[in-house]
Amino acid sequence: MRKLLPLIGTPSGSHPGGRSAMTCRFRCGDACFHEVPNTSSNEYVGDVIAGALSRRSMMRAAAVVTVAAAGAGAVGVAQAPQAGAAPAGTVPADAAAEAARRKHKGARGLRFAPVAPNTADAVTVPEGYRQNVVIRWGEPILRGAPAFDPEKQTAKAQAGQFGYNCDFLALLPLPGERNRQLLVANHEYTDEVLMFRGYDAANPTREQAEIAWAAHGLSAVVVEEDRKTGKLTPVPRHQLNRRVTATTEFRLTGPAAGSDLVKTSADPTGTKVLGTLNNCAGGTTPWGTTLHGEENFNQYFANSSRASDKRYGIGTGASERKWERFDKRFDVAQEPNEVHRFGYVVELDPYDPTSTPRKHTALGRFKHEGATVRLTADGRPVVYTGDDERFDYFYKFVSSKRMKRGHGRAVREHNMSLLDEGTLYVAKLTGDSPAIEIDGTGKLPNDGEFDGSGEWIPLATATADGAVSHVDGMSADEVFVFTRLAGDKVGATKMDRPEDIEPNPVTGKVYVALTNNSNRGVGSNAKADEANPRNANKHGHVLELTERWNRPESTRFAWSLFLVAGDPDDPATYFAGFPKEGVSPISCPDNVAFDPYGNLWISTDGAQLGSHDGLFGVATRGERRGELKQFLTVPKGAETCGPIIQDRRVLVAVQHPGEIDGASVEKPASTWPDGPGKYVRPAVVAVWRADGCDIGV
């Protein structure tokens with residue numbers, strides 16, 4: 001979700017994935033323009049996938065006698081309306097009749113007229129759907145917090161207001177409070193040039209830094225539904241409302257807690273950490289908590305000289321925001337272990353606003369995109385998580401402890417320790433075709449399949465009595481703190497930026513969003529393999545994993561290519577075998593979610609097809625498997641994040657609207673969501689059917 005990768009032949013000074021220099025600076029510290037952190041010789045997943053794609057496309061095409069007509073929204077990019085040309089909720093007039101005919105076709109949950117690719121400075125939704133902005137950056141949620149005034153903002157005010165750049169979202173039930181739910185949101189990073197008038201990047205002030213600290217982290221806020229309209233609105237000053245920031249106290253738990261590797265001058269115990277940074281995607285747990293992945297934490301730290309830090313992309317000079325000027329913990333030269341206390345999965349108990357959030361070291365330290373949970377048959381949680389970096393890996397953690405049922409304090413405490421004991425694994429994928437048949441063009445191998453097998457390689461096991469490393473030459477502490485290096489040593493498969501990874505609650509299959517990697521096959525970088533089908537992969541793809549016996553604790557799995565993103569007219573794209581004339585174009589898959597019918601919903605980041613990012617639904621089973629339809633698009637410069645698909649409502653986080661090169665408070669590139677003359681503000685949006693019926697049925 002975070003970084004965008006340089007395109008082959010990109011002019012000097014331009015930025016990858018079509019993203020602005022501003023996005024690269026503030027989101028991930030220009031990670032795409034740094035040397036690739038993974039210099040190991042491990043097999044590259046692109047070399048694993050390269051052949052299956054064309055094979056299956058040809059085989060399916062031969063079997064197709066009639067092809068579904070393209071959806072109303074699946075128009076060419078050249079036909080996309082310009083900003084402001086079409087109001088949200090409309091489709092082009094010449095497509096309205098076809099949209100009406102197709103309205104009741106498609107997989108259950110996906111029966112809507114797809115939105116056309118566009119560049120409108122708005123959230124555009126399907127015909128017959130409505131929307132509202134649920135909550136914006138700066139809206140007060142805690143008692144005593146003032147109304148938002150960006151010209152007079154303070155750190156104290158921001159600490160009581162909804163944070164910046166919302167990403168992962170969770171909606172949790174509130175028993176006993178009718179028509180209310182608890183919304184939990186990540187706040188990934190701050191965009192200072194869009195937050196502060198006259199911002200001087202070379203000389204930020206302490207007040208600006210402290211406001212940014214308060215704008216990071218998490219928000220929990222109760223929201224209320226208007227049953228007549230479907231609108232959601234925040235309930236300010238509710239007792240469960242909470243802000244977690246870059247200065248909130250956290251508890252470091254699991255096998256690395258107390259290790260010499262995480263002790264600092266401020267915390268000689270190695271168990272207390274201030275704050276969480278760059279929270280990207282996340283997940284919810286069966287025991288009622290939320291998980292949050294710390295992703296591009298490297299960009300906040302300065303002045304490193306260690307090889308282990310280089311593997312994590314931590315720079316040798318000043319940081320972009322220059323927080324090290326105001327707090328020495330961000331200066332690696334002064335506090336070398338502080339950086340070892342970030343890059344974990346955070347767990348929050350949103351039902352207890354006085355609880356101390358935890359960082360689970362047993363899930364490893366890397367750029368976690370998120371963390372999603374599936375239970376074994378005997379009640380042990382399995383957590384899937386990806387490392388969002390070019391040529392890095394994806395992982396799972398299998399707990400050795402069983403979840404307890406109930407709501408008492410003892411039960412709650414037990415369940416919040418489930419992610420501290422168990423085994424951490426990394427994935428290794430093997431293709432079933434000879435390497436000579438994988439040429440990086442998407443041409444199918446001779447066996448006509450794009451699939452293979454895989455294994456979960458154990459890295460370390462944590463128990464109540466200690467931890468054991470399974471990696472030669474590394475202690476258990478080192479595995480959990482330098483997890484990338486452990487993956488290198490055991491020969492994990494290099495992937496194209498593993499982002500969100502989620503198990504399908506209906507089928508149990510696991511889906512891995514791989515956003516892009518334009519560096520694949522460039523220079524000395526690894527080339528395409530059968531699990532990453534294209535060199536110079538600027539559109540990304542989605543893998544489908546089937547654990548052996550459909551048991552999440554299995555150490556073996558089968559994998560196959562589900563989607564290879566891009567323009568459907570491109571022969572290198574693939575939509576699970578569905579006729580490409582009937583799908584929407586998609587580029588750069590990022591967050592994923594599921595609806596009640598088992599359809600996969602995909603949000604995008606950095607789309608490379610000339611239109612804005614959006615949210616897409618795709619059937620994962622049945623005769624319409626692979627039919628992909630665009631549900632919405634987001635405004636100029638924005639990314640689609642945190643999708644939640646309920647029976648009657650879809651929520652998305654609209655992150656970094658207006659984040660376009662040259663934009664500033666004085667020269668905004670977007671007027672969303674409040675119109676001209678107002679600050680552009682990241683926000684959460686709810687979408688529902690105007691007739692009150694379920695989504696897509």
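Note that this is a predicted model, so its numbers are computed, not measured. We number each residue from 1, following the sequence as shown.
A side chain to side chain contact (heavy atoms under 4.5 Å, CB included) with Val262 is found for one member of Leu252, Val339, Val273 and no other, namely Leu252. When the options Asn186, Thr248, Thr290 are evaluated for a side chain to side chain contact (heavy atoms under 4.5 Å, CB included) with Leu218, the one that passes is Asn186. Residue Val223 forms a side chain to side chain contact (heavy atoms under 4.5 Å, CB included) with just one option from Leu183, Leu182, Leu174, Leu651, and that option is Leu183.
The side chain to side chain donor-acceptor pair (under 3.5 Å) contacts involving residues 402-412 comprise Asp349-Arg412, where partners must be two or more places apart or lie in separate chains. Annotation: salt bridge (charged side-chain N to carboxylate O under 4.0 Å, His left out) contacts involving residues 279-294, sequence neighbours excluded, comprise Glu294-Lys359. Contacts classified as salt bridge (charged side-chain N to carboxylate O under 4.0 Å, His left out) and involving residues 463-479 (residues at least two apart or in different chains) are not found.
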Requested in this report: Tell me, with the steps shown, if Asp613 and Thr604 meet side chain to side chain donor-acceptor pair (under 3.5 Å).
Outcome: CA-CA 5 Å; Asp613 282 311; Thr604 65; 2.9 Å; yes
**Report entry** Evaluation steps, side chain to side chain contact (heavy atoms under 4.5 Å, CB included), between Phe575 and Val618
**Finding:** CA-CA 9 Å; Phe575 296 82; Val618 56; over 6 Å; no
Requested in this report: List the steps and the verdict of side chain to side chain donor-acceptor pair (under 3.5 Å) for Ser603 and Thr640.
Outcome: CA-CA 5 Å; Ser603 63; Thr640 321; 5.9 Å; no
Report task. Report the C-alpha separation of Leu429 and Leu543 in whole Å, then their side-chain angles, then the decisive distance to 0.1 Å, and conclude whether the side chain to side chain contact (heavy atoms under 4.5 Å, CB included) test is met. Result -> CA-CA 11 Å; Leu429 284 69; Leu543 288 179; 3.9 Å; yes
**Report entry** Working for side chain to side chain donor-acceptor pair (under 3.5 Å), residues Glu502 and Asn591
**Finding:** CA-CA 9 Å; Glu502 289 213 26; Asn591 293 153; over 6 Å; no
Query raised in the report: Given Met403 and Leu375, is the side chain to side chain contact (heavy atoms under 4.5 Å, CB included) satisfied, shown in steps?
Result: CA-CA 9 Å; Met403 187 184 83; Leu375 290 178; 4.1 Å; yes
Query raised in the report: Going through the distances and angles, do Thr253 and Thr361 end up as a side chain to side chain contact (heavy atoms under 4.5 Å, CB included)?
Result: CA-CA 6 Å; Thr253 68; Thr361 63; 5.8 Å; no
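Between His360 and Tyr344, the ring centre distance reaches or exceeds 6.0 Å. Within the 6.0 Å centre-distance limit, the rings of Phe482 and His340 are counted as a close aromatic pair. For Phe631 and Phe112, the gap between ring centers is short of 6.0 Å.
Take Arg556 and apply the salt bridge (charged side-chain N to carboxylate O under 4.0 Å, His left out) test, not counting sequence neighbours, and it matches no residue. For Ala460, the side chain to side chain contact (heavy atoms under 4.5 Å, CB included) partners two or more places apart in sequence, or in a different chain, are Val479, Phe480. Listed by chain and residue number, Val506, Thr507, Tyr511, Phe594, Thr620 satisfy the side chain to side chain contact (heavy atoms under 4.5 Å, CB included) test with Asn504 (two or more places apart in sequence, or in another chain).
The closest side-chain donor-acceptor pair between Lys509 and Thr546 falls under 3.5 angstrom. A side-chain donor from one of Asp595 and Trp601 sits under 3.5 Å from a side-chain acceptor of the other. Judged by distance alone, the side chains of Asn278 and Lys367 never bring a donor and an acceptor atom under 3.5 Å apart. Side-chain contact annotation: Ser219 with His187, donor-acceptor N/O pair under 3.5 Å present. Side-chain contact annotation: Arg520 with Asn517, donor-acceptor N/O pair under 3.5 Å absent. A side-chain N or O of His470 and one of Thr461 form a donor-acceptor pair less than 3.5 Å apart.
In this structure, Trp287 and Thr289 approach most closely via the heavy-atom pair NE1-OG1, 3.1 Å. Scanning both residues, Ala653 and Leu169, for their nearest heavy atoms gives N-CD1, 3.7 Å. For the residue pair Asp420 and Pro255, the shortest heavy atom distance occurs at O-CD, 3.9 Å. Taking both residues in full, the closest heavy atoms of Arg548 and Ser554 are given as O-OG, 2.7 Å, listed atom of the first, atom of the second, then distance. Residue Gly606 comes nearest to Cys588 through the heavy atom pair O-SG, 3.2 Å, listed as atom of the first residue, atom of the second, then distance. The heavy-atom pair separating Tyr395 from Trp456 by the smallest distance is C-CZ3, 3.7 Å.
Between the side chain of Asn516 and the backbone N or O of Arg497, no donor-acceptor pair lies under 3.5 Å.
Note that Lys494 lies outside the cation-pi zone of Tyr393, set by a 6.0 Å cut-off to the ring centre and a 45° limit from the axis. Taking the ring axis of Tyr312 as reference, the NZ or CZ atom of Arg365 stays within 45° of it and closer than 6.0 Å to the ring centre.
With contacts defined as side-chain heavy-atom distances shorter than 4.5 Å, the pair Thr423/Ser400 does not qualify. Here the side chains of Val346 and Arg358 are not in contact, with every heavy-atom distance at 4.5 Å or above. Using a 4.5 Å heavy-atom cutoff, the side chains of Gln646 and Leu171 are in contact. By the 4.5 Å heavy-atom criterion applied to side chains, Val510 and Glu544 are not counted as neighbours. Ile501 is not listed as a side-chain neighbour of Thr385, based on a closest heavy-atom distance of 4.5 Å or more. Counting only heavy atoms from C-beta outward, the side chains of Lys396 and Val398 approach each other to under 4.5 Å. Using a 4.5 Å heavy-atom threshold, the side chains of Phe578 and Val583 count as touching. Under the 4.5 Å side-chain criterion, counting only non-hydrogen atoms from C-beta, Thr376 is in contact with Val382.
Atom-to-atom distance recorded for Arg251:CZ and Glu347:CD is 11.0 Å, nearest 0.5 angstrom. From Ile602, atom CD1 reaches atom CG of Asp500 across 10.5 Å, with rounding to the nearest 0.5 Å. Between atom CG of residue Leu348 and atom OG of residue Ser355 there is a gap of 6.0 Å, rounded to the nearest 0.5 Å. In this structure, CG on Leu291 lies 10.5 Å from NE2 on His368, to the nearest 0.5 angstrom. Between Thr515 atom OG1 and Asp388 atom CG the span is 6.0 Å, to the nearest 0.5 Å. In this structure, the separation between OG on Ser587 and CG on Asp605 is 10.0 Å, given to the nearest 0.5 Å.
Between Arg390 and Asp392 there is no salt bridge, since no side-chain nitrogen of the basic residue lies less than 4.0 Å from a carboxylate oxygen of the acidic one. Glu547 and Arg374 are not joined by a salt bridge, as no carboxylate oxygen comes within less than 4.0 angstrom of a charged side-chain nitrogen.
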